[in-house]
Amino acid sequence: EFAMPEFYIEYTAPSEIKVDGYLSEYADGTGRIYFSTSVVPANILLQNTVITGVKIPANITEIGTAAFDNCTALASLEFEENSVLTNIGNTAFRNCSMTEIDFPASLEILGVQCFNNCTKLVTVNFPADSRLRRAEQGALNGCAALKDVVMPASLEYMDKIFNTKFTTPLVVHFLGTKPPELASNANNTF
């Protein structure tokens, strides 16, 4: 008897998405793509224009570089409860269409330009017990619709993460008692 790998992403799309080298299944608008490690492979759905939603299971530890880069129809991103995700890789969700993201508490690193140019993104939520330590260069750059962001007390470092022109004034709150370190070249951080 054959068992499917324990690691996968779940997606919504109007038809099945097949990726060379990966097992998949699909029924009634929802599919899964399976892989062998707890890291979502780099470039797995790079420039896919039909995927509309992604659910990241709790056992995923990292989202690889450009995994969903330029998935322009991707409007829903959900992290399963009790997530152990620690890292969202560089350009992982660049140019996607989400309007809101609820990050898991386990997340420690937002990679370079990981949500760059998500122009419809209005709200990002970090839980009270967030472990976010680093927001790398341009992590939320180009997210011109953002309105009110509360950065967790755990944040230690940031680099030009909000460097854009906003459609409405952006208000950023820092919960920590010590401000995060800015990159040495972080002119125009805001």
Side-chain angles (χ1 to χ4, degrees), residues 1-127 130-132 134-136 138-143 145:
E1 186 175 307
F2 177 77
M4 295 297 257
E6 69 175 291
F7 301 107
Y8 61 88
I9 53 153
E10 191 170 283
Y11 68 88
T12 53
S15 60
E16 183 173 12
I17 299 171
K18 292 189 179 269
V19 180
D20 288 343
Y22 298 96
L23 296 172
S24 64
E25 59 185 358
Y26 180 84
D28 301 323
T30 302
R32 287 183 176 180
I33 299 172
Y34 293 88
F35 35 90
S36 60
T37 71
S38 66
V39 177
V40 176
N43 305 315
I44 192 164
L45 288 175
L46 175 67
Q47 298 180 352
N48 181 291
T49 58
V50 298
I51 188 170
T52 59
V54 171
K55 184 174 184 178
I56 306 295
N59 65 350
I60 298 298
T61 59
E62 184 175 334
I63 298 172
T65 298
F68 304 96
D69 190 1
N70 280 302
C71 292
T72 54
L74 180 54
S76 172
L77 173 60
E78 181 183 347
F79 299 97
E80 194 173 66
E81 194 173 329
N82 299 316
S83 175
V84 295
L85 182 75
T86 60
N87 186 6
I88 297 177
N90 299 347
T91 70
F93 293 96
R94 182 173 54 179
N95 296 318
C96 292
S97 297
M98 292 83 70
T99 58
E100 181 174 1
I101 302 169
D102 292 313
F103 291 109
S106 60
L107 182 64
E108 296 179 13
I109 298 170
L110 288 172
V112 173
Q113 296 185 7
C114 59
F115 290 95
N116 185 42
N117 206 34
C118 291
T119 58
K120 296 179 181 178
L121 187 59
V122 175
T123 307
V124 292
N125 298 308
F126 295 95
S130 175
R131 292 191 291 257
L132 184 69
R134 297 181 67 86
E136 300 294 348
L140 295 165
N141 191 27
C143 299

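To the nearest 0.5 Å, atom NZ of residue Lys120 and atom CG of residue Leu74 are 11.0 Å apart. Atoms CD1 and CG, on Ile63 and Leu107 in that order, are 8.5 Å from each other to the nearest 0.5 Å. To the nearest 0.5 angstrom, Asp69 atom CG is 14.0 Å from Ile44 atom CD1. Residue Ile101 holds its CD1 atom at 7.5 Å from SG of Cys143, rounded to the nearest 0.5 Å. To the nearest 0.5 angstrom, Lys18 atom NZ is 11.0 Å from Glu25 atom CD. One distance of note links CZ of Arg32 with NZ of Lys55; it measures 8.5 Å at 0.5 Å rounding.
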For Thr86 and Ile109: C-alpha separation, side-chain torsions, deciding distance, then whether side-chain contact (heavy atoms from CB on, under 4.5 Å) applies. CA-CA 6 Å; Thr86 60; Ile109 298 170; over 6 Å; no
Which is it for Thr61 and Val39 under the side-chain contact (heavy atoms from CB on, under 4.5 Å) test, yes or no, and what are the steps along the way? CA-CA 6 Å; Thr61 59; Val39 177; 4.0 Å; yes
Leu45 and Ile33: side-chain contact (heavy atoms from CB on, under 4.5 Å), yes or no, with the steps? CA-CA 10 Å; Leu45 288 175; Ile33 299 172; 4.0 Å; yes
Could you go through Phe103 and Leu132, starting from their C-alpha distance and side-chain angles, then the distance that decides it, and tell me whether this counts as side-chain contact (heavy atoms from CB on, under 4.5 Å)? CA-CA 10 Å; Phe103 291 109; Leu132 184 69; over 6 Å; no
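Looking only at side-chain heavy atoms (C-beta outward), Val112 and Thr91 stay at 4.5 Å or farther from each other. Considering only heavy atoms from C-beta on, Ile56 comes within 4.5 Å of Ile9 through its side chain. No side-chain heavy atom of Ser38 sits under 4.5 Å from any side-chain heavy atom of Asn59. Using a 4.5 Å cut-off on side-chain heavy atoms (C-beta onward), Asn48 and Val19 make no contact. Side-chain contact between Ser36 and Pro5 is absent, with no heavy atoms from C-beta onward closer than 4.5 Å.
With hydrogens and angles ignored, the 3.5 Å screen pairs no side-chain donor or acceptor of Glu80 with any backbone N or O of Pro57. Judged by distance alone, the side chain of Ser106 and the main-chain N or O of Ser83 form a donor-acceptor pair under 3.5 Å. In this structure, Ser97 contributes its side chain and Thr72 its backbone to a donor-acceptor pair below 3.5 Å. At least one donor-acceptor pair under 3.5 Å links the side chain of Tyr11 to the backbone N or O of Ile17.
Relative ring orientation between Phe115 and Phe93 is described as parallel, the plane-to-plane angle staying below 30° on a 0-90° scale split at 30° and 60°.
For the pairing with Glu100, the side-chain contact (heavy atoms from CB on, under 4.5 Å) check across Val122, Val124, Asn125, Leu77 returns one residue only, Asn125. None of Thr119, Asn116, Asn117 except one satisfies the side-chain hydrogen bond (donor to acceptor under 3.5 Å, both in side chains) rule with Asn95; the exception is Asn117.
Nearest heavy-atom pair, Cys118 versus Met98, reported as atom, atom and distance to 0.1 Å: SG-CE, 4.3 Å. For Gly64 against Ala92, the heavy-atom pair with the smallest separation is O-CB, 3.9 Å. The two atoms that bring Gly89 and Cys114 nearest to each other are O-CB, 3.4 Å, heavy atoms only. Taking each heavy atom of Phe68 and Cys96 in turn, the nearest pair found is O-SG, 3.4 Å. Nearest approach of Ala13 to Val50, heavy atoms of both residues: CB-O, 3.9 Å.
Aromatic ring centres of Phe35 and Phe7: separated by at least 6.0 Å.
For the residue pair Thr12 / Thr52, a side-chain donor-acceptor distance below 3.5 Å is found, with atom types taken as modelled.
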